[in-house]
Amino acid sequence: MVEIKTDAAMDAMREAGRVVARALAAVREAADVGVSLKELDEAARTVLAEAGATSPFLGYQPSFAPTPFPAVICTSVNDAVSHGIPTGYRLRDGDLVSVDCGALLDGWAGDAAVSFTVGTPHPGDLDLIDATRRAVDAGIAAARVGGRIGDISHAIDAVARKARCGMPADFGGHGIGRSMHEDPHVPNRGRPGRGFPLRHGLVLAIEPMLMAGGRDKYRTDVDGWTLRTTDGSRAAHLEHTVAITEQGPRILTLP
């Protein structure tokens with residue numbers, strides 16, 4: 001069932017989104033050569049605790065996962081596309097890091113992701129991040145009353161294909177509200193004019209994941225969570241929680 005949010009609910013989700021934005025900013029500030037992924041998770045945990053928020057990631061176990069997720073952020077490095085578990089791995093010069101974070105505040109969820117480089121970027125990484133940013137921007141721009149989910153999907157796919165990037169076909173965005181994952185599913189590829197209608201009060205997490213090698217295939221690590229490119233190419237992941245309103249798309253996970 002798809003829940004259409006009231007204006008008051010969207011305002012409440014904006015507050016959850018602010019917490020997510022602060023947590024991601026803290027993680028990015030803490031990220032440096034020699035810092036462990038677990039330390040990044042601790043930085044996010046501190047922000048959530050100070051805000052009185054909880055994590056929808058911690059303990060989450062979807063049907064594909066063999067174990068509950070053990071952290072409040074996903075940390076995906078280099079060829080990891082998404083769902084990376086924070087470990088004792090210490091960041092190295094040139095690493096490409098994608099961080100996904102969620103927050104539950106006063107009964108409402110926010111969800112967003114960022115990608116960035118540590119130290120000296122590897123060739124092509126900044127272009128990959130820029131292409132992913134253009135893809136999420138295009139998807140958000142298409143999130144307008146009167147449109148369809150397929151309009152968002154097609155806009156993201158057009159940017160990814162022009163950049164000659166692949167995307168994992170089984171993963172994409174989703175509805176969000178009282179819980180992190182709600183209907184409808186928001187594929188990162190699709191046909192315009194198709195799919196669930198977009199109306200005022202629909203709130204979606206829009207999240208392209210681009211793989212530099214151009215292939216759509218991915219593999220899952222032995223941890224049962226981390227998705228990786230099959231060719232070892234780098235990946236980037238960006239996400240915002242977006243409310244569809246009569247006034248246009250409203251990004252709820254900005255600072």
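- Taking the salt bridge (Lys or Arg N to Asp or Glu O under 4.0 Å) definition, one finds that R18 meets it with E15, sequence neighbours left out.
- Here the shortest heavy-atom pairing between G190 and H154 reads O-CB, 3.4 Å.
- Of all non-hydrogen atoms in L96 and L128, the two that sit nearest each other are CD2-CD2, 3.9 Å.
- D223 contributes a side-chain N or O that, together with a main-chain N or O of W225, makes up a donor-acceptor pair within less than 3.5 Å.
- Not counting sequence neighbours, R194 has no partner by the salt bridge (Lys or Arg N to Asp or Glu O under 4.0 Å) test.
- Partners of D11 by side-chain contact (heavy atoms from CB on, under 4.5 Å), not counting sequence neighbours, listed by chain and number: R250.
- Scanning for salt bridge (Lys or Arg N to Asp or Glu O under 4.0 Å) contacts around D157 gives R161, with sequence neighbours left out.
- Annotation: R219, atom CZ; neighbour count of heavy atoms from other residues, nucleotides and ligands within 6.0 Å is above 12.
- When all heavy atoms of P208 and N188 are compared, the pair lying nearest together is CA-ND2, 3.6 Å.
- For the pair L252/V20, no side-chain contact is recorded, criterion being any heavy-atom separation below 4.5 Å from C-beta on.
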Going by atom type alone, with no hydrogens or angles, which donor-acceptor pairs under 3.5 Å involve a side-chain atom of residues 139-150 and a protein atom two or more places apart or on another chain?
unit_1, atom_1, unit_2, atom_2, d
R144, NE, A141, O, 3.1
R148, NH1, G195, O, 2.9

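- Annotation for G84 and F69: closest pair O-CZ, 3.7 Å, computed over non-hydrogen atoms.
- A side chain to side chain contact (heavy atoms under 4.5 Å, CB included) with P86 is found for one member of L37, L40, V27 and no other, namely L37.
- Closest approach of L48 to G102, counting heavy atoms only: CD2-O, 4.0 Å.
- Within the structure, salt bridge (charged side-chain N to carboxylate O under 4.0 Å, His left out) contacts touching residues 118-134 (residues at least two apart or in different chains) are D125-R234, D130-R134.
- Ring pair H237/F171: centre-to-centre distance not below 6.0 Å.
- With hydrogens and angles ignored, the 3.5 Å screen pairs no side-chain donor or acceptor of N78 with any backbone N or O of D95.
- The two residues V77 and R228 make their nearest non-hydrogen contact at O-NH1, 4.0 Å.
- Using modelled atom types, one finds no donor on one side chain facing an acceptor on the other under 3.5 Å when comparing H83 with D100.
- A donor-acceptor contact shorter than 3.5 Å links the side chain of D216 to the backbone of M167.
- Side-chain contact check for L91 versus V33: every heavy-atom pair is 4.5 Å or farther apart.
- For R215, the CZ atom sits in a loose shell: 12 or fewer heavy atoms of surrounding residues, nucleotides or ligands are nearer than 6.0 Å.
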